[in-house]
Structures are given as structure tokens and as C-alpha cells.
Amino acid sequence: MSTFSELGLKEEILSALIDMGYETPSEIQEKAVPQVISSTDDLKAFAQTGTGKTAAFSLPIIQQIDVDNSNVQAIILSPTRELAVQIGDQIEKFSKNIRGLKVVTVYGGASIEDQTRKLNKGAQIVVGTPGRTVDLINRRRLKLGNLQWLVLDEADEMLNMGFKDDLDAVLQSTPETKQTLLFSATFPREVEAIARNYMHNPVEISAGTKNTGSDDVSNEYYVVTERNRYAAIKRIADVNPDIYGIIFCRTRRECQEVSEKLIADGYSADSLHGDLSQAQRDSVMQKFRKKTVQMLVATDVAARGLDVTDLTHVINHKLPDQNEAYTHRSGRTGRAGKKGVSIVLVTNREVGKLRPIERKIQKKFIKREVPSGTEICKIQLFKLVEKVKNTEINTEAISGYLENIYSEFEGLSREELIQKFISVEFNAFLEYYSKADDINDNRAPREADDRGRRRDDENMSRFFINIGRKDSLTPPRLMGLINDQNITNNVEIGQIEILDTFSFFELDKNFEKETIEAFLSNSPEFEGRSVNVEITKKRRSGGGGGRGGDRRPRRDGGNFRGGDRGPRRDGGDFKGKRRESTGGNRDRESRSSGSSSRVQNKSWGRKRD
Ligand code: AMP
């Protein structure tokens, strides 16, 4: 293992790294830093998030920046605003001892004038999201004529998110002589095409096994019915009172629903997704980083690349559409040498979907039982006892009352007194879980599968849509388009099949008419084409294409529900005052404060500012 100074970095950078606590280079840094310092060859790097790739591309660039020249010399493109800001911050830290080096971060959703002003003052390094970068180039506010380095960070994700045209535009407006550094966790066709079209004989490096999960992450799954997903999350939070984690959802709506329920049920949670303004996203992230929010409910896109080092848990509320995304999700925990747990909630018929993920991460999922009410109560009770034991007594403040209090309790034994104090805090919790059912779905898979398949066949209508892969349509973009039509609250989307020039999607049969009407009256456009939707014949079970370009039949595939609209047979998993699964702000006052992942109500009831 080498040291940072052996990689050829200069003193100013080395001292900054020491201040940041970086002692030895990570594998990708060991490979990339000397390569980029000593050669102008393009670089193609396989690297997942969490491997230290930000420093791997930033350090050699910072080392070589000409600080006497205020032109833009390096541009780093990253898929999301959060990731761009994170990279910009890191570069500022790495270069804090280099006088005259300036970095500016540009992204949508924030004032373009402010960003232009900063650019006008001169910056050698620009970090940007593709859309805003192209916008600034077109307005001639960002000039890349002197560019020496172009970094494409998380190239696969940028393409997944539909930034291909923007990437093409940036790549075409930069000088031929620049050095291109492409970092990607995966190399699907589209990324290879970028490498082929815009890079010259790139040197290839990789860190660790491609696309495998971290050894520091334990991958676990719980089998529950669809309507008990939320109840399971609550139990996981209750059995881990110090949980600090991200709950991943597939859509903004799912995200909003889960977080609203958690907040209403008194947990310390908030949501992060694309519908929030930049200021809201910043505020949520700030609270999460400061740990005033314990559970961040996020979409894949919003949480991509987020660097929060000591997450204890990642929870997959539903499996991602693409297996690849699981690696990114689970990679949010188990970072910087810490241990973490990545939990997947699956229905009985989804268990089979874990196998291809296991092959990808080269690790087995461990089956866990959703904790019972008794287990949760035991853990919460001892947490409360610990809290009491560790509470400091402010004698001065209470001394004036003590005499009266002692006389009130006269006649109670020590044991009785302890029991009463514990009960004050804990009764509501005990009541809440005392009659809790077992919510593990232990039915044989076939039994569950039959039910699911019937639902797929009977309750879904198939729609034709006149746009496809050639229009850069992807399953997430199609879901976004459908959601944008506001057909009705919580409409369920089933299988999606994207073909070259047209596509199909399934949607809850009860909303056939509303779907057609919504598309007709909104007349949406997609990539400049008017969108046209028609009802089509239902594909026979087991036939036809797959989803998102996967051509294998997917009978079981990818249904997601925007919410639990089905008949509620018994609601949650307990029969006390509260039910677990529908959220809503019922019975708030009876909530226990025994759990530290639950918050005292006031601050969480209010809307984000
Ligand atoms: P990245 O993959 O660049 O997002 O980095 C993941 C995390 O590891 C970040 O918190 C970095 O600050 C941290 N990190 C990266 N390289 C090192 C290193 N050589 N030593 C210690 N921490 C590092």
C-alpha cells in the first residue's frame, strides 16, 4: 500500500488531506492519481460510489491546475445537484492550501445569475449537473475553450437519467485536446458508446470487484405482505432506536407517502425527492447530516452518491426496478470502514427477485424475521432504563419541589416507584405492541404467487404509448410522465415494456377512462413529440418483452402501488388503539417517548420550511 506523498501529490494537498483525516489512499486513488498526473491519456474507471473516487479524479486535477490562469480548466459533470455540491465542497477542502484556486458549482433549481456572477469572477474548476452546464454554455456564460480535463462522474446514472443529449452537447463544445476521465459503476451499452465516440484509447482501471457489494454491509430481507411493508419499517425502526438510515422508494409519490406516515406516527423522518425545491432539499439534507432527522425517505435519483458516512441502515421499501440500483442503495451504508445493514422488504412472490441481485453483489441475503411486539418492547424498555440511568440530575432546579414530591410518594416501596415511573413512559408503547400480530408472511410462495398473478391478470389494463427507446424513454421517465398526468391519487402502475418506437404500460383497470382522458386533455409532449395513449389488448401471461429493455418475460414484474388502496381486512398488525399501516395523525398523544427514533411531536408535525 502506498502513501499519498508516494502518489506524487504536492505538499499543499498532502496537508489538506491530513486535516481531512485521509491517511492512506483507497484503491481507486492509488490507481487513478499517478495515472492522471503523469499522462494525458483518457481514463475509463470502473468505480462504485463510496470507493473514494471523488478524490481519485479531483486530486490529480487540483495538482495540475494553473492558478495564475483564471479560465475554466476542468469541468466535472455529475448526475444530481446534491452530488455536484458534495464534489464542489470536497474540492474546496482538498485545495484549501492552494492560493488562487477557485471552484464553482452549477446546478438547476438555483439562480443562474448568481452562478454566472461566480463564474465571471474566474474559476479554474467547475462542477455541474448536465442540464445547467449546457444552459450556461448556450448562454455563453461558461466558456470551455481552455478546458484541459473533463470528468464524467457516475456516467451510467447520467445516461439513465436521460442526460445523453446534454452530455453530447458538452462533449462537443470542449476542445479535442482535453483529457476525459469517465467514472462509472457499470458499463452498459450507452456508457460504452460515450467512451467509444468521445475518448481516445482510454486507459482502463477498476477498483475492487465490479459491481459487488461491500463486505461491510450485511444484506438482509424480510418477507411481508404488500400492506404490511410500512408496518415492517416501523418495527425495524422501533427495534433499532438509534437507527440512522435511508429508506429507498421507487417514486416520488411512494416516497412522500412513506415519509408522511412516519412523521404522522411520530418518527424522526423526512423525504428527499425531485419534487422539492433546491432550498427544501438543502434543508432536509442539513437536518439529516446533523442527525436531527434519523430516517431519510428518498428516491434513487435524489439519494444517488450522497455521502453520509455513518448510516446504520438502508431500507429498501420496495426493490428497485433495476438490480444495479441495489448496489448503489446498499452502498450508502458500510462506508469508510463502518458496518451497515441493507434491508429489503419483499412480498412472498418477490423473493425470487433477490437471486439475480445476489449474483451481482456476490453475497447472500440473510432472511430475518420482522421483530415481534415483545422483542420491540424489551429493547425499548431497556433503552428507557438506560436513559433514566444516564440522566443527569439538576439538583438546583428541582430542590425546591423535592420535599413535597417525597411526601406525595410516601408509602410507596422502591420497586413500586420504579414500576410507576417506567409505566408513565412505557404504557402507551406496551399497549401499542401488546397484541401485535406476527407480520412475517410465512405462506408458501405458490399460495402468494397465485394471488398476485390473478391480481396482475384481472386488475390491470394495458396501454399503448407512441414513444419508445428512440425517444430516450426509460421506465422511470415513463412513470414520471404517467404520474405527471395526475390521473388520480395512488394509481397503481404495473408492467412497463419499452420498445424502440413505442411502448406499453399497465395501469389499474379501474382508471382506464381517467387515464385516456388525462392524456387527451393534458396533451403532453415528450422530447418534442406529442404523446398518444390508447388501450390495447392485454398481453397473455408469460409472453412478450420485459421491462426497461429486459426482454425476458416478467409475469411477476415490477408492480408498484402508489398506496394501499385495497380493502383493509385487519388494518395494521395490532388491535389496540392504533393501526399500523395507514399513517394519519391519530392518537398522537398516546405515543410513547420510549423510542428515540420517534420524536416528540411538535417539531415534526410542521411542514418543511
Ligand atoms: P467517495 O467515493 O468519493 O464518495 O468517498 C466516500 C467517502 O470516503 C467520503 O466520505 C470520503 O471523504 C471518504 N474517503 C475517500 N478517500 C478516503 C481516504 N483515502 N481516506 C479516508 N477517507 C476517504
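What you see is a predicted model, and the numbers here were worked out from it, not measured in a lab. Whatever order the structure lists them in is the order used to number ligands and atoms, beginning at 1. Hydrogens, waters and symmetry mates play no part in the numbers below; they use all other heavy atoms, side chains included.
The environment of Lys93 atom NZ is sparse: at most 12 non-hydrogen atoms of other residues, nucleotides or ligands sit within 6.0 angstrom.
For Gln86, the closest heavy-atom approach to ligand 1 does not fall below 4.0 Å. Proximity of Thr24 to ligand 1 is established by a heavy-atom distance of less than 4.0 Å.
Side-chain contact of Asp168 with Tyr198: a donor-acceptor pair under 3.5 Å is present, judged by distance alone.
Counting heavy atoms under 4.0 Å from ligand 1, residue Gln90 touches it through the side chain alone.
When atom types are taken as modelled, the side chain of His313 and the backbone of Ile315 share no donor-acceptor pair closer than 3.5 angstrom.
In the candidate list Phe57, Phe183, Tyr22, Tyr22 is nearest to atom 15 (C) of ligand 1, counting heavy atoms.
For ligand 1, the atoms closer than 4.0 angstrom to any heavy atom of Thr54 are 1 (P), 3 (O), 4 (O). Close approach to Gly52 involves these atoms of ligand 1, each under 4.0 Å from a residue heavy atom: 1 (P), 2 (O), 3 (O), 5 (O), 15 (C), 16 (N).
Salt-bridge annotation for Lys44 and Glu192: present, with a side-chain N of the basic residue lying under 4.0 Å from a carboxylate O of the acidic one.
The cationic atom of Lys291 (NZ for Lys, CZ for Arg) lies less than 6.0 Å from the six-membered ring centre of Tyr244 and within 45° of the ring axis.
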